[in-house]
Student: 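One structure, as structure tokens, below. Some questions next.
Residue numbers start at 1 and run along the sequence shown. Small disclaimer: the values here were computed from a predicted structure and weren't measured.
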Amino acid sequence: MPLLIHTAGPDRGKRFFFERTVLLGRSPLADLELHDAAVSRRHAQISLQGGRCFLADLGSGNGSWLNEARVTEPAPLADGDLVRLGGVVLEFRLGDDRAPERKKGEARAEASRSGNLKVAIGDLAATPGSRSVVMPLEKLRSHGGTRLAEEVARLQRRLDFFREAGGILTRTLDEAQLLDQLLARTMDVLPQADRAFVVRYDAGTESFEPLAARTRDGSTVEIAASRTLLEEVVRNREALMSIDAGTEEGLGGARSIHLLNLRAVACVPLLLEDRICGVLQVDNAQLQRAFGEADLDLLAGIAGPIALALEHARLHRELVDREVLEHDLALARRIQQSFLPARPPELPGWSLAVEYSPAHEVGGDLYDLFPLPDGRLGLAIGDVSGKGVSGALLMARLTSALRAAAAHRPEPSAVVAELDTLVAGEVDEGMFVTFAFGILDPASGRLEMANAGHPSPLLRRADGSVGELSLPAGTALGLGAGRAAGTVTVTLARGELLLLFTDGLNEAADPAGRRFETSGILAPLRALRSADPRAALDAVLHAARTFVSTRGFDDDLTVLTLARL
């Protein structure tokens with residue numbers, strides 16, 4: 001199965017498998033969402049044709065690059081090719097190749113959640129002539145006991161063990177407590193076990209995380225764990241039992257095993273449906289107390305319920321975390337709303353209407369309407385490239401900085417320049433803000449306006465004609481040269497209406513992926529009978545919602561209408 005590996009960008013290290021044509025872009029609706037401001041919403045596509053994969057650019061702003069050559073037409077992909085989209089670099093692989101061999105030697109893991117015990121996961125290379133045995137789980141149940149009395153006693157112990165383990169699994173959702181109790185009972189039913197531990201396995205990073213550990217004597221020494229042994233169990237999806245680990249050349253050669261004189265090991269994968277989520281291992285330092293096939297069978301029997309319990313504990317944590325997050329986001333939304341005008345100001349001879357709809361609980365759009373000391377009105381609209389919490393934080397910072405700058409800067413272009421310095425100095429690389437700011441003199445209708453990369457406002461004249469305001473775009477704030485193209489002055493006559501919006505409106509898409517565009521906004525404005533801001537706002541929003549249909553809006557949406565009566 002082909003895959004893409006993030007080698008540069010915010011998701012570095014992550015893998016994405018695919019079996020069909022996939023869309024790559026910044027849109028949440030993309031098959032592989034790329035979190036980079038330089039990536040277009042629908043940036044590129046990888047298609048599968050005749051057993052081969054082809055990369056095609058979808059008209060992106062910054063282009064798609066294959067091995068540092070710009071893609072102008074569909075290009076075939078070969079194993080190891082590098083695809084660059086904005087600041088994201090993806091390595092194309094034909095199959096799920098394993099990660100490079102890890103550095104030899106011990107790797108200290110974090111302390112387990114059970115007491116002070118730790119699990120040190122090192123590397124043990126398997127060698128020819130090893131006396132370890134590998135037993136598929138389905139074969140473990142085919143070997144019967146030799147004496148009836150011993151078999152009955154063994155079955156009774158196992159029955160008691162599984163009954164008690166079942167009670168433990170139903171009594172708690174606390175992962176650490178659950179595993180500690182299960183390991184304690186496992187060591188009770190396996191008297192030859194001196195140590196026992198559970199590690200979680202992350203298939204995405206191919207890493208192991210210690211979860212719980214127990215020793216029979218309660219000591220706080222580290223439990224040595226062979227990374228090679230764990231990887232062997234995960235890779236082959238088989239239980240593994242070593243009869244004499246301490247004297248084997250391959251196993252005994254690891255420093256961690258040698259120091260602890262580890263001899264007998266039984267290791268089983270924790271399977272959840274078809275996915276391995278961890279490994280359970282017991283071991284000891286005494287050859288005469290080796291584990292048998294029945295012991296491995298018992299561990300295999302408890303491995304499934306442990307895996308299920310870990311999954312239930314994880315889902316419980318996620319539910320609790322989600323509830324906390326939802327509460328925090330609701331609070332953040334209320335705080336963000338407090339930075340916005342509670343209602344449009346009342347201006348004699350003027351009428352205003354505003355729509356502000358974040359795509360998530362909090363958004364990156366901003367607008368403001370505020371009086372200036374000389375009786376004029378400051379009006380602003382902007383769009384932060386980062387969505388969610390990061391965009392909301394910058395939005396709040398800009399709103400307060402805007403009013404401070406407008407209080408002592410006489411021209412809109414000077415206000416924009418000051419805000420650009422703020423954004424360039426405070427935000428992370430890749431974030432920027434499109435922004436337009438104007439100062440309106442209500443008495444004369446004179447509007448001075450400066451733009452920094454924001455969509456041009458639309459002006460509806462008294463005769464019903466509609467067009468874009470002649471306002472040069474300039475450069476967005478935070479891109480290093482974020483300056484407005486200069487202040488432009490226009491006088492609004494009676495019966496004229498101005499509409500400002502963020503790109504959540506003109507870039508809204510229908511189920512087929514077609515954009516609403518500026519032309520979709522102009523049509524309902526031309527159909528108006530008068531310059532009524534509320535009617536204009538409702539008409540434009542109705543047209544946009546009808547256009548996107550069931551897909552809905554996937555970006556923050558802000559629309560501001562202003563008319564001189």
Side-chain angles (χ1 to χ4, degrees), residues 16 20-37 39-45 58-61 318 322-323 325-334 336-337 340 353-367 381-395 431 433-434 454-455 457-458 499-525 527 533-561:
F16 175 76
R20 56 176 178 80
T21 298
V22 292
L23 173 66
L24 291 74
R26 186 160 50 88
S27 170
L29 299 178
D31 298 299
L32 177 56
E33 183 179 0
L34 304 177
H35 305 92
D36 185 282
V39 174
S40 300
R41 285 181 170 83
R42 295 170 55 85
H43 197 110
Q45 174 181 285
L58 299 179
S60 63
E318 289 184 356
R322 187 180 301 114
E323 290 176 348
L325 177 61
E326 289 175 354
H327 175 271
D328 289 345
L329 287 176
L331 177 60
R333 184 183 182 94
R334 292 196 298 271
Q336 183 182 35
Q337 292 284 353
L340 302 173
V354 179
E355 171 72 15
Y356 176 80
S357 299
H360 306 291
E361 286 294 330
V362 291
D365 279 6
L366 66 95
Y367 79 92
I381 190 168
D383 184 1
V384 181
S385 63
K387 303 305 177 187
V389 175
S390 61
L393 290 173
L394 182 54
M395 169 268 190
M431 286 189 70
V433 184
T434 65
H454 200 77
L458 302 180
L499 183 143
L500 301 93
F501 58 93
T502 58
D503 64 7
L505 179 62
N506 63 310
E507 292 189 3
D510 67 5
R514 294 169 298 193
R515 302 293 181 184
F516 189 51
E517 304 292 356
T518 303
S519 58
I521 310 173
L522 295 174
L525 290 180
R534 173 48 61 182
L537 182 63
D538 291 343
V540 169
L541 292 178
H542 176 74
R545 289 178 179 131
T546 301
F547 179 82
V548 300
S549 183
T550 57
R551 176 168 177 167
F553 295 98
D554 57 7
D555 196 2
D556 302 329
L557 176 67
T558 302
V559 185
L560 188 155
T561 54

Student: Any Lys/Arg nitrogen of Arg41 or Asp555 sitting under 4.0 Å from an Asp/Glu carboxylate oxygen of the other?
Tutor: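 So Arg41 pairs with Asp555 through a salt bridge.
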
Student: Closest heavy-atom contact between Phe553 and Ala544?
Tutor: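 Looking at all heavy atoms of both residues, the shortest contact is CZ-CB, 3.8 Å.
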
Student: I want to check something: taking the side chain as every heavy atom from C-beta on, are Pro457 and Leu500 in contact at a cut-off of under 4.5 Å?
Tutor: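 Of all side-chain heavy-atom pairs linking Leu500 with Pro457, at least one is under 4.5 Å.
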
Student: Enter the distance from Thr558:OG1 to Tyr367:OH here, rounded to the nearest 0.5 Å.
Tutor: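 Thr558 atom OG1 to Tyr367 atom OH measures 8.0 Å (nearest 0.5 Å).
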
Student: Hey, which of Leu366, Asp365, Val433 is the one that makes side chain to side chain contact (heavy atoms under 4.5 Å, CB included) with Met395?
Tutor: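 Among the candidates, only Leu366 passes.
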
Student: If you measure from CG on Leu24 to CG on Leu32, what distance do you get to the nearest 0.5 Å?
Tutor: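 With rounding to 0.5 Å, CG (Leu24) is 5.0 Å from CG (Leu32).
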
Student: Rounded to the nearest 0.5 Å, what separates atom CG in Leu499 from atom CG in Leu537?
Tutor: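 The distance works out to 7.5 Å.
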
Student: CG/Leu34 to NE2/His43 distance, rounded to the nearest 0.5 angstrom?
Tutor: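 Output value for this atom pair is 8.5 Å.
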
Student: Any side-chain heavy atom of Leu58 sitting closer than 4.5 Å to one from Leu23?
Tutor: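 Yes. Closest side-chain heavy atoms under 4.5 Å.
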
Student: Give the minimum heavy-atom separation between Phe16 and Asp31, together with the two atoms involved.
Tutor: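 That closest heavy-atom pairing would be CE1-O, 3.7 Å.
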
Student: So, for Val548 and Pro511, which heavy atoms are closest and what is the spacing to 0.1 Å?
Tutor: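 Answer, listing the atom of Val548 first, then Pro511: O-CD, 3.4 Å.
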
Student: Let me confirm one number: the CZ-OG1 distance from Phe501 to Thr518, rounded to the nearest 0.5 Å.
Tutor: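 That separation rounds to 4.5 Å.
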
Student: Tell me the closest heavy-atom pair linking Phe516 and Phe547, and the distance in Å.
Tutor: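 So the minimum-distance heavy-atom pair works out to N-CE2, 3.4 Å.
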
Student: Of the non-hydrogen atoms in Asn506 and Arg515, which two are nearest, and what is the gap between them?
Tutor: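 Between these two residues, the closest heavy atoms are O-CB, 4.1 Å.
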
Student: Say whether Thr502 and Asp383, considering side chains only, have a donor N or O and an acceptor N or O under 3.5 Å apart.
Tutor: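 Checked: Thr502/Asp383 side chains show no N/O donor-acceptor pair below 3.5 Å.
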
Student: Please name the pair of heavy atoms, one in Val384 and one in Leu394, separated by the smallest distance, quoted to 0.1 Å.
Tutor: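 Answer, listing the atom of Val384 first, then Leu394: CG1-CD2, 3.5 Å.
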
Student: So that I can tick it off, tell me whether Glu507 and Arg26 are bridged by a salt bridge, with the cut-off set at under 4.0 angstrom between side-chain N and carboxylate O.
Tutor: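 Glu507 and Arg26: not salt-bridged.
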
Student: If you define the side chain from C-beta out and look only at heavy atoms, does anything of Leu458 sit under 4.5 Å from Ile521?
Tutor: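 The answer is yes; the side chains approach within 4.5 Å.
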
Student: Quick one: does Ser357's side chain have a donor or acceptor within less than 3.5 Å of a partner on Leu557's backbone?
Tutor: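 Here the side-chain-to-backbone pair does not exist.
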
Student: If you count heavy atoms of other groups shown closer than 6.0 angstrom to CZ of Arg551, is the number above 12?
Tutor: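 Atom CZ in Arg551 is crowded, with more than 12 foreign heavy atoms closer than 6.0 Å.
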
Student: Determine whether a donor-acceptor pair (N or O, by modelled atom type, separation under 3.5 Å) exists between the side chain of Thr561 and the backbone of Pro533.
Tutor: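 Checked: pair present.
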
